[in-house]
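FYI, side chains are in, hydrogens and waters are out, and symmetry mates aren't considered; it's all heavy atoms of this structure. The sequence lines fix the lettering, A, B, ..., with proteins before strands; numbering per chain opens at 1.
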Amino acid sequence: MLSILKGEFRKIFTSKSLIVCVSILGGMAFLNAFSTYLLYSGFGLLGDSAPEVIERPFREILLGSMTSNSFFILLSVFLAIWNLRDYTTGSIKNMIAKGCSRNSIYFAKYIVTLVVTLAYTLVNALVTVGFSAIFMKFTGGFTFEVFEFFMLDIFMVLTLATVYFGFIMLTQKLAPAIIINLMLGSVIQIICVVIDLIVNSETMLFQTLHLETAITMTLGGSSLSSAILQGIFNTPEIGANFMLHMLIVCVIYIALFITVSYLVNRKKEY
Amino acid sequence: MQYVLQTEHLTKTYGKKTVVNDVSMNIEKGDIYGFIGENGAGKTSFMKMVLGITFPTSGSIKLFEDEDLLEERRKIGSLVETPALYPSLSAEENLKIYCVEFGIDDSEIHELLRLVDLDNTGKLPARKFSLGMKQRLGIAIAMLDNPEFMVLDEPVNGLDPKGIKDIRELVLKLNHEKKTTFLISSHLLDELGKIATRYGIISKGVLVEELTSEELEKRCSSSVTIKTTDNSKAVEALRNAYHDVEVEENGEEISFKSTEIETAELSKTMSENGAYVIEMRVTGKSPEEYFIERM
């Protein structure tokens, strides 16, 4: 499996889509930082009333780097492109014919997916903080609590990447994989909202099953998040055990999607 | 004698359609096995099962007399259906990536590219290659790590006459020098006839016949049919004069295989033994005609 892992990394680093991804990531991070600056400086309409220095909590900038739609869209699209390269070119047949087992190929691709996602998330956070520092002053600092939630957010992003990977390996076709992954967030969110309304949940428990919403929840009460999100985060049933709750949700997601996609992949013919 | 490939009752069905039906095949080390069949006969489906790309519905496969197929497939090189290339990478980069994935040394890449006449392609990405160039790169990928057994599905597809000749010579060279075993499917029966040592004919998923190149030559050799004034004397005369010839009587006619008996000599032998030739005709068939008949 080690040689397959090396091959996967080599394919990513020789892929033109990596340059495109990094460029878009950097561009989006800059635009997000600049738009935040414009928002808090009143879009130049406040005149003398505009603050001289824009101050924002460091927590909001760092954890907020993972809440934009473009972050998830880019991730889902590029994971599909990288992982499915062997299937679209047919080189998966060469690998299997040369004695590479389907299991080794599957887990090598999964490991690379996790590594790439982690790098993507960290680079995105770094670039976002870097660009934001040009326009804003940070308050609050990098406390232990911020670190804890940053780690949790990374784990939730890795879980989301696992879900994307699961659908990628189930379809093994580029267009369906991208469509499903792009629509996934919206579909799950709608389902969660409906369930919460049906059960009349004050804590809006089921919305924590929508990982992208859950990531937004970690921004906490000092963010731009609405009162509802602030309320959710501070609700005793979830707030106090939010971290544990989300860790369990993520583990269940990972176990479910890896198990199903692994079992289906074992029997795939090409 | 070691067997490189052994299949027993290998079958593949998709729903209600059986594409490979109870195929039992043995390929010995050093064979160049020509696999012949019409379009849709089951050649590619069979090869894909041997390579693990698809799973048999029933039956068994052994490679190098071993049932641990994953391990033994490391000794195989293959080109099945279209060449699988990374389109944005050059020929050299394609081979390098496969070397990394297969965990093998890449020191022979330049020699391989020279052998398939792709050593001057430089940085040209594979998506800009012609069909023939892609096919040759696919063959180069199959040759990585000096495989002991090569499974090639229509390897000369898209190649010009020089390319076909080059691949033929390469196959013969590898077979003679390194005892590489080949399983080759092709529609170019004449081409296959120049290199194959054994043949398997498959039709509608069934392995109709296997024969060696010597057996094929015998079956395609000229057949002489004569009518004489006294067939019993003619048969006796033939058997006495030509001990190696098998004579068959079919009613009023006598047939025998012959590539070397001259017409004048035959007439003289018959008349000396009291059987005069009334009618004579010579028939023979090409390997192509033989295969088409069997398919």
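- Residue-level contacts of residues 31-42 of chain B with chain A do not occur; threshold 4.5 Å between heavy atoms.
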Sequence neighbours left out, cut at 3.5 Å: what donor-acceptor pairs do the side chains of residues 13-24 of chain B make with other protein atoms?
from	atom 1	to	atom 2	distance (Å)
B/Thr13	OG1	B/Thr57	OG1	3.4
B/Asp22	OD1	B/His9	ND1	2.7
B/Ser24	OG	B/His9	N	2.9

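- Of all heavy-atom pairs between B/Leu70 and A/Ser101, the closest is CD1-CB, 3.7 Å.
- Under a cut-off of 6.0 angstrom, the local environment of CZ in B/Phe55 is crowded, with over 12 non-hydrogen atoms contributed by other residues, nucleotides or ligands.
- Open room surrounds CD on B/Glu67; 12 or fewer heavy atoms of other groups in view lie less than 6.0 Å from it.
- B/Val80 touches chain A through its backbone: at least one of N, CA, C or O sits under 4.5 Å from a heavy atom, while the side chain does not.
- Between chain A and the options B/Val100, B/Ile53, B/Thr82, B/Thr54, the largest number of non-hydrogen pairs under 4.5 Å is found for B/Ile53.
- Remark: B/Ile97 CD1 to A/Asn94 CG distance equals 12.5 Å, nearest 0.5 Å.
- Contact count against chain B (heavy-atom pairs under 4.5 Å) is highest for A/Arg85 among A/Glu8, A/Lys6, A/Arg85.
- In the displayed structure, B/Lys204 atom NZ is contacted under 6.0 Å by at most 12 heavy atoms of other residues, nucleotides or ligands.
- The CZ atom of B/Arg127 sits 13.5 Å away from the OG1 atom of A/Thr89 when rounded to the nearest 0.5 Å.
- At a heavy-atom separation below 4.5 angstrom, chain A is approached by B/Ala84, B/Leu85, B/Tyr86, B/Pro87, B/Ser88, B/Leu89 within residues 83-95 of chain B.
- Under a cut-off of 6.0 angstrom, the local environment of CD in B/Glu8 is sparse, with at most 12 non-hydrogen atoms contributed by other residues, nucleotides or ligands.
- Looking at B/Ile141, only its side chain comes within 4.5 Å of chain A, counting heavy atoms on both sides.
- The environment of CE in A/Met183 is sparse: at most 12 heavy-atom neighbours from other residues, nucleotides or ligands sit within 6.0 Å.
- Of all non-hydrogen atoms in B/Ile76 and A/Lys98, the two that sit nearest each other are O-NZ, 3.0 Å.
- Heavy-atom neighbours of chain A within the stretch residues 101-123 of chain B, taken at a separation under 4.5 angstrom, comprise B/Glu101, B/Phe102, B/Gly103.
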